[in-house]
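Right, one structure below, let's go through it.
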Number of protein chains: 2
Amino acid sequence: MKSYGQYCPVARASEILSQRWTLLLLRDLLGGIRRFNDLRRGVPLMSPSLLSRRLKELEKWGMVVRVRDPRSGAVEYHATPMALELRPVIDLLGAWGQRWVRNRLIDDELDVNLLMWDVSLRVDPNRFGPGQTVIGFEYTDRPRLKKDDWWVDKWWLVMADGESDLCLRDPGFEVDLHILTDLRTMTKVWMGDIPVRAALRSGGIELLGARALADSFEDWLPLSSHALHERPPDSLNLERILAAAQAGAAG
Amino acid sequence: MKSYGQYCPVARASEILSQRWTLLLLRDLLGGIRRFNDLRRGVPLMSPSLLSRRLKELEKWGMVVRVRDPRSGAVEYHATPMALELRPVIDLLGAWGQRWVRNRLIDDELDVNLLMWDVSLRVDPNRFGPGQTVIGFEYTDRPRLKKDDWWVDKWWLVMADGESDLCLRDPGFEVDLHILTDLRTMTKVWMGDIPVRAALRSGGIELLGARALADSFEDWLPLSSHALHERPPDSLNLERILAAAQAGAAG
DNA sequence: CAGTATCCGATGCGATACTG
DNA sequence: CAGTATCGCATCGGATACTG
């Protein structure tokens, strides 16, 4: 990618950050994701070779250090201070996107794997008391088929010892709470476009199982970190502004 | 450009903003630049056809409205609220770039036209009292040649009636203050990498002409809006961190 | 001044397969 | 699990010339 040829720091920053996928990788790295294959889960449409290249570039820029965990010997990518200081930028960018590009929830952007991965990362496993808690997710809009070795419509969230694990196959444990929903509804709830209560009332989300878990559902179900951002007030609606301007010019 | 396929607002924002040149255009649009050819000056390496395309895309996204000035009939591009709300993002991005990507001032990024354009945009023409004030810039590191119809090493900044004009040809007015400098020094001063006083003392900038203007030079010379951002403290220097970690591991 | 039309080249990137 | 190697296409974008 050719340089912008400008001393302006906005240009310099853009040269690094405007590379395809780079901001999404930083989003995940700042979220504490460190393993190659975990990073892959966050950008499923990115090829592994390109991911590898991007990580090398980030390392070259000094935003990532590749370290080997002395215990497990596993490779890990850690965000450096240079990357960590992008947090406000990325947060604001997300807030802006949520505010102004939220209007439509495009079908191409619905991704049940991504959603469940996000949920598993944000759920707080310590809210469930001691012992093990298993939540089963079932997407009623997906076929009840097994593909390879797992169901395409079922996920299990296993919480124990302060950790949460997302399982694609039946872990064999008893399920404490079943959640029945469809991908669009669950994604909208996750993004704050539908209140949890409304989804429960309308039947977009159904809960079966332990009463205590179901009753506290609204409390322990995590939402996207962007769920609470507000839409722009209607007074800033562009069509409105233009219409008003035209009416003013005419009158 | 293919979609990231993610409902995440960071991804959605990136799809729009990570297009090549787009952030730089928004930088200028938020800076109040509205005319096509003025926008061109801010991105001299961008082809006009691509600029045209990007402006259409911004319009499609609702970040720009193309309007015709009722008086002059000239075409203007105005930032919408959607674009204006990117200001904190772009400011933070610039601050981050200034902080972390400042180390080198690459020769390819030195651009005297860009620099003089920036200066002319940021200088406050009201600081010079009534009547007209003319500042002449002369870059001693450039050849004293005429190219086409203008000198390649000379610029004139004409301030009058609360406006400032950048001239490439000798406007014919008497010059109140001559500034002799070289591009690298002037750019470094502009970016806050050299204090004005230091440049004056070392002779990197020489002033000839009206005593009052020369004495107040430090006051009226504008600097880049990023000039005051701080470098990261040495404690965050990556090489230092790694060296310390290694020393710790060894010991 | 404010763009548009056309062309073509570089290369970014995706797909797939493969490896220690 | 953590990547690498290879291939080839699509397309982005730069250059140039032209227009009302």
Handout entry: Short side-chain to backbone donor-acceptor contact, B:D141 and B:D182, under 3.5 Å
Key = no

Practice task
Measure the distance from CZ on A:R20 to C1' on D:dG13 and round it to the nearest whole Å.
Solution key: 16 Å

Problem - Between D:dA2 (C1') and A:R40 (CZ): distance, integer Å - result: 9 Å

Exercise for the section: Specify the separation, in whole Å, of atom CG of B:L58 and atom C1' of C:dG3. Expected result: 16 Å

Problem - Value in whole Å for how far the C1' atom of D:dC12 lies from CG of B:L51 - result: 16 Å

Handout entry: Neighbours of DNA chain C within residues 25-38 of chain B, by heavy-atom distance under 4.0 Å
Key = B:R35, B:F36, B:N37

Practice task
In whole angstrom, give the distance that lies between atom CD of A:Q19 and atom P of C:dG12.
Solution key: 8 Å

Fill in the blank from the handout: note: A:E59, atom CD; D:dG3, atom P; distance rounded to Å ~ 10 Å

Handout entry: Nearest listed nucleotide, side chain of B:Y77, among D:dG13, D:dA2, C:dG3
Key = C:dG3

Exercise for the section: Would you classify B:R53 as touching base, sugar-phosphate or nothing, given that sugar-phosphate means primed atoms plus P, OP1 and OP2, and contacts are heavy atoms under 4.0 Å? Expected result: base

Problem - Distance, rounded to the nearest Å, where A:M46 contributes CE and C:dT16 contributes P - result: 17 Å

Practice task
Figure out the CG/P separation between B:L50 and D:dG13, and round it to whole Å.
Solution key: 6 Å

Exercise for the section: Check whether any side-chain nitrogen or oxygen of B:R54 sits under 4.0 Å from OP1 or OP2 of D:dG13, and answer yes or no. Expected result: yes

Problem - Any residue meeting side-chain hydrogen bond (donor to acceptor under 3.5 Å, both in side chains) with B:E138, in chain and number order, not counting sequence neighbours - result: B:R144

Practice task
Determine, stepwise, if the pair B:E57 / B:R54 fulfils salt bridge (charged side-chain N to carboxylate O under 4.0 Å, His left out).
Solution key: CA-CA 5 Å; B:E57 289 166 6; B:R54 283 286 182 277; 3.3 Å; yes

Problem - Per-nucleotide pairing state of DNA chain C [Watson-Crick or G-U, under 3.5 Å; [ ] pseudoknot-crossing; | other strand] - result: ||||||||||||||||||||

Listing time: all N or O pairs from protein to nucleotides 15-18 of chain D that are below 3.5 Å?
residue, atom, partner, partner atom, Å
D:dA15, N6, B:S49, OG, 3.3

Problem - Under 3.5 Å donor-acceptor, B:W96 side chain and A:M82 backbone - result: yes

Practice task
Assign each of B:W21 and A:E76 to its nearest nucleotide of DNA chain D by heavy atoms, then name whichever residue's nucleotide is nearer the 5' end.
Solution key: A:E76

Problem - Flag, side chain of A:R142 to backbone of A:V152, donor-acceptor distance under 3.5 Å - result: yes

Exercise for the section: Name all residues meeting the side-chain hydrogen bond (donor to acceptor under 3.5 Å, both in side chains) criterion together with B:R184; count only those two or more places apart in sequence or in a different chain, and write none if there are none. Expected result: B:D107

Problem - Test item: A:D28 side-chain N/O and A:I33 main-chain N/O as donor-acceptor pair under 3.5 Å - result: no

Problem - Backbone of A:V134 reached by a side-chain donor or acceptor of A:E174 within 3.5 Å - result: no

Exercise for the section: Say whether, by atom type as modelled, one donor and one acceptor occur between the side chain of A:S164 and the main chain of A:P125 under 3.5 angstrom. Expected result: no

Exercise for the section: Keeping to residues at least two apart or across chains, list the side chain to side chain donor-acceptor pair (under 3.5 Å) pairs with something in residues 6-21 of chain A. Expected result: A:S3-A:E15, A:Y7-B:D118, A:R12-B:E109

Practice task
Kindly assign one of parallel, tilted or perpendicular to the pair B:F36 and B:Y77, based on the angle between their ring planes and the thresholds 30° and 60°.
Solution key: tilted

Problem - Distance test, side-chain N/O of B:R68 to OP1/OP2 of C:dA2, below 4.0 Å - result: no

Completion exercise
Considering only heavy side-chain atoms of A:S52, the closest of D:dT4, D:dG3, C:dA2 is D:dT4

Fill in the blank from the handout: Taken to the nearest 0.5 Å, the spacing of B:K56 NZ from B:L51 CG works out to 10.0 Å

